[in-house]
Colleague: 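One structure follows; several queries about it will come next.
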Amino acid sequence: MEAFASDAAAKMLAFAPAALLFAVLATILKRERIWAALARTRGETLTNIGLVAINSLILAPLLVLPTERWNDAAAIFPAMAAFWDAQGAALVLPVTLLAGEFVIYWRHRAEHTRWLWPMHAVHHSDTAMTWLALLRKHPLAKVLSLFVDVAPLILLGLPVWAIVVCGLARTWWGYFIHADVPWTLGPLGKWLISPAAHRLHHIDDLELCGSNYGGILTVWDRLFGTYVDPAPFIDCRTGVEGGSKGLAGELARPFAGWAAMARKPAARAAQETAEA
């Protein structure tokens, strides 16, 4: 347990560079409005930090397990692993990024379906976007992404170093696109998910939030028809019905949602019986 606590503490400390970077960015952009922004986001920030702590501590064994098994898993498909090992970084990195984005696109899109949405809604419940919103994940969602996002890349035999590099790039880009900045990135926004495009994904509209699922690239959103230009929705309102519920409320949100879904068919059946 002490080892897990130590690992969790190390993970929390790893957020320090991002915290410093985005604190400086917010200070530069908001200037005298920075204190009002901090006051407005205080409650949700504390909830996000609480979720980070829980995910880092409770899920530490699961977070460590995949990295220990990567080499064993790669041995299942030695020909694939050997093929990628023979290629240069100029090919391996783009392939790993594209493959990873493809997997994340469909995992993310699946989280917007009826049965997974109550779990994923935790991530959407911030009413004020900050870089920490990236880490606003229910432990169940963390487990899902932990295995689903990495397993297909391992099965393709892609090198561990490439998976790690692309994962780090996606994490830092994730911090950036969750930040409270209205940037569309101009022409680059056609190819890269921008903060404005991802804010639209967090809009408090269930139909419009079903767009811009990519982590870094827009390619799969464009190919599968889910990309929406964020320009008309700059600084849109974000969140979900009921708003942010605090740490305990967010941990309970999926189970409350699933319970409500289970009650609806029962209530409908009772009504039909009564009418008959």
Side-chain angles (χ1 to χ4, degrees), residues 18 21-22 25 66 80 84 87-113 116 120 123-124 126 129-137 141-142 144-203 207-234 236 238:
L21 173 63
F22 288 100
L25 179 63
M80 291 291 291
W84 292 116
Q87 309 307 312
L91 175 63
V92 172
L93 280 175
V95 169
T96 304
L97 180 62
L98 280 169
E101 286 287 291
F102 180 82
V103 172
I104 287 171
Y105 172 86
W106 285 107
R107 184 265 298 162
H108 194 178
R109 191 164 172 176
E111 288 176 323
H112 280 251
T113 57
L116 290 182
H120 186 60
H123 180 66
H124 281 253
D126 267 328
M129 294 294 285
T130 69
W131 68 276
L132 266 173
L134 170 67
L135 306 175
R136 189 184 186 90
K137 290 187 176 182
K142 189 71 176 178
L144 178 68
S145 62
L146 174 66
F147 289 102
V148 171
D149 293 0
V150 176
L153 306 184
I154 294 174
L155 294 177
L156 287 173
L158 290 162
V160 172
W161 67 264
I163 296 173
V164 171
V165 168
C166 290
L168 288 172
R170 192 172 290 109
T171 296
W172 277 92
W173 194 259
Y175 290 146
F176 172 58
I177 62 177
H178 283 85
D180 184 24
V181 291
W183 300 339
T184 63
L185 302 184
L188 280 177
K190 294 181 178 181
W191 307 103
L192 300 175
I193 294 290
S194 66
H198 196 71
R199 186 184 184 98
L200 174 57
H201 178 74
H202 279 257
I203 194 171
E207 183 176 348
L208 282 172
C209 80
S211 63
N212 303 346
Y213 291 109
I216 296 179
L217 305 175
T218 65
V219 58
W220 301 119
D221 280 293
R222 291 184 179 279
L223 186 61
F224 295 111
T226 53
Y227 180 77
V228 175
D229 183 357
F233 306 97
I234 299 296
C236 60
T238 64

Colleague: Are the side chain of Arg222 and the backbone N or O of Lys190 linked by a donor-acceptor pair below 3.5 Å?
Modeller: yes
Colleague: Which atoms form the tightest heavy-atom contact between Trp173 and Leu185, and what is the distance?
Modeller: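 It is CZ2-CD1, 3.8 Å.
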Colleague: Picking from His123, Arg136, Arg199, what satisfies side-chain hydrogen bond (donor to acceptor under 3.5 Å, both in side chains) with His178?
Modeller: His123
Colleague: Write down the atom of Val228, the atom of Ser211, and the distance for their closest heavy-atom approach.
Modeller: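 Result for this residue pair: CG2-CB, 3.5 Å.
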Colleague: Can you classify the ring geometry of His108 versus His112 as parallel (below 30°), tilted (30 to 60°) or perpendicular (above 60°)?
Modeller: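 Taking His112 first and then His108, their aromatic rings sit tilted (interplane angle of 30° to 60°).
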Colleague: Just wondering, are more than 12 heavy atoms of other shown residues or ligands nearer than 6.0 Å to CH2 in Trp191?
Modeller: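 Atom CH2 in Trp191 is not crowded, with 12 or fewer foreign heavy atoms closer than 6.0 Å.
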Colleague: At their closest point, which heavy atom of Asp229 faces which heavy atom of Leu200, and how far apart are they?
Modeller: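 Between these two residues, the closest heavy atoms are O-CD2, 4.1 Å.
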Colleague: Between His198 (side chain) and Ile177 (backbone), is there a donor-acceptor pair under 3.5 Å?
Modeller: no
Colleague: Once rounded to the nearest 0.5 Å, what's the spacing between atom CG of Leu153 and atom CZ of Phe102?
Modeller: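 So the gap between those two atoms works out to 11.5 Å.
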Colleague: Would the distance check show the side chain of Glu101 and the main-chain N or O of Trp220 forming a donor-acceptor pair, the cut-off being under 3.5 Å?
Modeller: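 Checked: no pair found.
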Colleague: Testing Leu223, Val219, Asp221, Leu217 one by one against Tyr105 for a side-chain contact (heavy atoms from CB on, under 4.5 Å), which residue passes?
Modeller: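 Result: among Leu223, Val219, Asp221, Leu217, Asp221 is the only option passing the side-chain contact (heavy atoms from CB on, under 4.5 Å) with Tyr105.
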Colleague: So do the side chains of His124 and Thr238 get within less than 4.5 Å of each other, counting heavy atoms only?
Modeller: no
Colleague: Which heavy-atom pair separates Pro195 from Ala179 by the least distance, and what is that distance?
Modeller: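 Shortest heavy-atom separation between Pro195 and Ala179 comes out as CB-O, 4.4 Å.
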Colleague: First locate atom CG of Leu132, then atom CG of Asp126, and finally report the distance between them rounded to the nearest 0.5 Å.
Modeller: 9.0 Å
Colleague: Between Trp106 and Phe224, is the ring centre distance below 6.0 Å?
Modeller: yes
